[in-house]
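The structure appears right after this line, and notes come after that.
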Amino acid sequence: MLEEVEHWLTRRSWSVADRPLDRLMVAKAARGTTVSVVLPALNEEETVGEIVSVIRRELMERVRLVDELVVVDSGSTDRTAAVAAAAGARVEHRDAILPRLPALPGKGEVLWRSLLVTSGDIVCFVDADLRRFSADFVSGIVGPLLTDQDMQFVKAMYDRPLHRPATERGPGQSGHGVQGGHGVQGGRVTELVARPLLNLHWPRLAGFVQPLGGEYAARRSLLERLPFPVGYGVELGLLVDALHMAGLDALGQVDVGVRIHRHQDERALGRMAAAIYRTAQLRLSRAHLVRPELTQFERGENGFVPRTHAVDTEERPPVREIAEYTAGRAA
């Protein structure tokens, strides 16, 4: 590991316990900072309601840390939107945001469009499939942005067990040690694809425990200058581009405990890996994939059947280049 990264780990890796809520509220009030929380959601009726309820109760009613809570539904066919609204979120539908530009499928597309329907100085993204959700996921990653004006982008770090443990470690109990806990530190795509790519090509980012994690917060002033890969590559793309635009010392991570969520099957993970590789390749060479498709195999009645999927090859430009966004901000 680079000496610069070792130094960064001691200065920019924290526990959620390092910044109690009362300290965050003082910092928020002192600067008049506003916070938006965004949940991108697709068929998450089983989990989205609990996440929204916890954020509203703990961070909007008990204290006023979060000013805006938005679920962006990207075409759910279940009751995701209704459940989220009933729990107290404002629900926006992907296709109704910037309708002049037809929506592309993918998580990054939803995150990019969310910037047009939120207003917070700090934007916090949280996946909508988390189970046993804790408000620490939000307060932890928002905290450094509220207390340190030099911070621009903060990711959550956590144990990510493949199976729910019988006894879970509480948020922040591992302190500053990024090796703490006995769970799986990263998902399969993280360990097999993203971590090798980062270590080989962007070694200054080698200290991030969960580079592909879906829970992170950033200043709007940074996000509006970044391109957004529309699909699975969004987390890696934003992290790499934030490094180049803001510098390593403006990035940080916070230990929030244990993350439990729905796991994807191998074919979905393969598509994710291909999109992440493509996102990295674009940032290395700004070239196009020779073949932006991925063929996978399923067993059928007469043997293995090939299934070919397109790899995400689109990115949305920095949102400040969108006329509707700048007009809305000016108003």
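For the single chain, residues carry numbers from 1 onward in sequence order.
At a threshold of 4.5 Å between non-hydrogen side-chain atoms, the residues L236 and P211 do not count as touching. Side-chain contact between R23 and P20 is present, with heavy atoms from C-beta onward closer than 4.5 Å. P318 has its side chain out of reach of E224: every pair of non-hydrogen atoms, C-beta onward, lies at least 4.5 Å apart. For the pair R100/I322, a side-chain contact is recorded, criterion being any heavy-atom separation below 4.5 Å from C-beta on. The shortest distance between side-chain heavy atoms of L282 and E315 falls below 4.5 Å. A heavy-atom distance below 4.5 Å is found between the side chains of Q253 and W8. The side-chain heavy atoms of I97 and H93, taken from C-beta on, include no pair separated by under 4.5 Å. By the 4.5 Å heavy-atom criterion applied to side chains, R220 and I122 are not counted as neighbours.
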Stepwise side chain to side chain contact (heavy atoms under 4.5 Å, CB included) test for S134 and V54: CA-CA 7 Å; S134 166; V54 169; over 6 Å; no

Verdict with supporting geometry, V319 and L223, side chain to side chain contact (heavy atoms under 4.5 Å, CB included): CA-CA 8 Å; V319 73; L223 291 173; over 6 Å; no

Candidate pair K155 and F208, rule side chain to side chain contact (heavy atoms under 4.5 Å, CB included), full reasoning: CA-CA 8 Å; K155 297 211 69 154; F208 277 92; 4.1 Å; yes

Criterion side chain to side chain contact (heavy atoms under 4.5 Å, CB included) on L205 and L239, from CA distance to verdict: CA-CA 8 Å; L205 296 174; L239 185 60; 4.0 Å; yes

ring-ring contact (aromatic ring centres under 6.0 Å, His included) between Y325 and W112, intermediate numbers included: CA-CA 11 Å; Y325 179 82; W112 182 76; 9.2 Å; no

Chi angles and distances behind the salt bridge (Lys or Arg N to Asp or Glu O under 4.0 Å) call for R12, D249: CA-CA 7 Å; R12 292 294 188 245; D249 210 43; 3.3 Å; yes

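Taking CD1 of I276 as the start and CG of L269 as the end, the distance is 9.5 Å to the nearest 0.5 Å. To the nearest 0.5 Å, atoms CE (M151) and CD1 (I141) are separated by 11.5 Å. Taking CZ from F153 and CG from L243, the interatomic distance works out to 10.5 Å, rounded to the nearest 0.5 Å. Note that the CG atom of L111 and the CZ atom of F228 stand 6.5 Å from one another [nearest 0.5 Å]. Rounded to the nearest 0.5 Å, atoms NE2 (H201) and CG (N199) are 10.5 Å apart. Once rounded to the nearest 0.5 Å, the distance linking CZ of R131 with CD of E46 reads 5.5 Å.
Taking 4.0 Å as the cut-off between side-chain N and carboxylate O, E50 and R132 do not count as a salt-bridged pair. Taking a cutoff of 4.0 Å between a charged side-chain nitrogen and a carboxylate oxygen, R225 and D241 do not qualify as a salt bridge. A salt bridge is defined here as a Lys NZ or Arg NE, NH1 or NH2 lying under 4.0 Å from an Asp or Glu carboxylate O, and E92 with R113 fails to meet this definition. Using a 4.0 Å cut-off between a side-chain N of Lys or Arg and a carboxylate O of Asp or Glu, E109 and R94 do not qualify as a salt bridge. Note on R204 versus E4: salt bridge recorded, some NZ/NE/NH1/NH2 to OD/OE distance being below 4.0 Å. A salt bridge links E58 with R62: at least one charged nitrogen is closer than 4.0 Å to a carboxylate oxygen.
The two residues L197 and A280 have their closest heavy-atom pair at CD1-CB, 3.8 Å. Between K107 and G214 the shortest heavy-atom distance is NZ-CA, 3.7 Å. Of all non-hydrogen atoms in L222 and A242, the two that sit nearest each other are CD2-CB, 4.1 Å. Residues D129 and R259 approach most closely at OD1-NH2, 4.4 Å, considering heavy atoms. The two residues G207 and V5 make their nearest non-hydrogen contact at N-CG1, 3.7 Å. Scanning all heavy atoms of the two residues, the minimum distance from V256 to A156 falls at CG2-CB, 4.0 Å.
At a threshold of 4.5 Å between side-chain heavy atoms, the hydrophobic network of Ile, Leu, Val, Met, Phe, Trp and Tyr places L284 and V193 in one connected group. Both I55 and M25 are assigned to one and the same hydrophobic cluster, defined by single-linkage of ILVMFWY side chains at heavy-atom distances under 4.5 Å. A continuous path of hydrophobic side-chain contacts links L238 to M245 [ILVMFWY only; heavy atoms under 4.5 Å]. Taking hydrophobic clusters as Ile, Leu, Val, Met, Phe, Trp and Tyr residues chained together by side-chain heavy-atom distances below 4.5 Å, L200 does not share a cluster with L2. By the rule that hydrophobic residues join a cluster once side-chain heavy atoms approach within less than 4.5 Å of another member, V26 and V63 end up as members of separate clusters.
If you chain together ILVMFWY residues whose side-chain heavy atoms come under 4.5 Å of each other, L104 ends up grouped with V230.
For the residue pair Y216 and E235, a side-chain donor N or O sits within less than 3.5 Å of a side-chain acceptor on the partner. Side chains of S15 and D18: a donor-acceptor N/O pair is absent below 3.5 angstrom, by distance only. Side-chain contact check for T80 and E44: no donor-acceptor pair (N or O, by modelled atom type) lies under 3.5 Å. Between the side chains of R19 and T147, at least one donor N or O lies within less than 3.5 Å of an accepting N or O.
Looking only at distances, no side-chain donor or acceptor of R329 sits under 3.5 Å from a matching main-chain atom of L116. Listed for the R56 side chain is a donor-acceptor partner under 3.5 Å among the backbone atoms of G88. Checked by atom type and distance alone, the side chain of T10 pairs as donor or acceptor with a backbone atom of H7 at under 3.5 Å. Judged purely by atom type and a 3.5 angstrom limit, T326 uses its side chain to pair as donor or acceptor with the backbone of A323.
Every residue meeting the ring-ring contact (aromatic ring centres under 6.0 Å, His included) condition with F133, not counting sequence neighbours, appears here in chain and number order: F137.
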Using residues 28-42 as the side-chain source, report each donor-acceptor pair under 3.5 Å to any protein atom, sequence neighbours left out, with the distance given to one decimal.
| residue | atom | partner | partner atom | Å |
| --- | --- | --- | --- | --- |
| K28 | NZ | T33 | O | 3.2 |
| K28 | NZ | D67 | OD1 | 3.2 |
| K28 | NZ | D67 | OD2 | 3.0 |
| R31 | NE | Q149 | OE1 | 3.4 |
| R31 | NH1 | L146 | O | 2.8 |
| T34 | OG1 | D121 | N | 3.0 |
| T34 | OG1 | D121 | OD2 | 3.0 |
| S36 | OG | E68 | OE1 | 2.5 |
| S36 | OG | G120 | N | 2.8 |

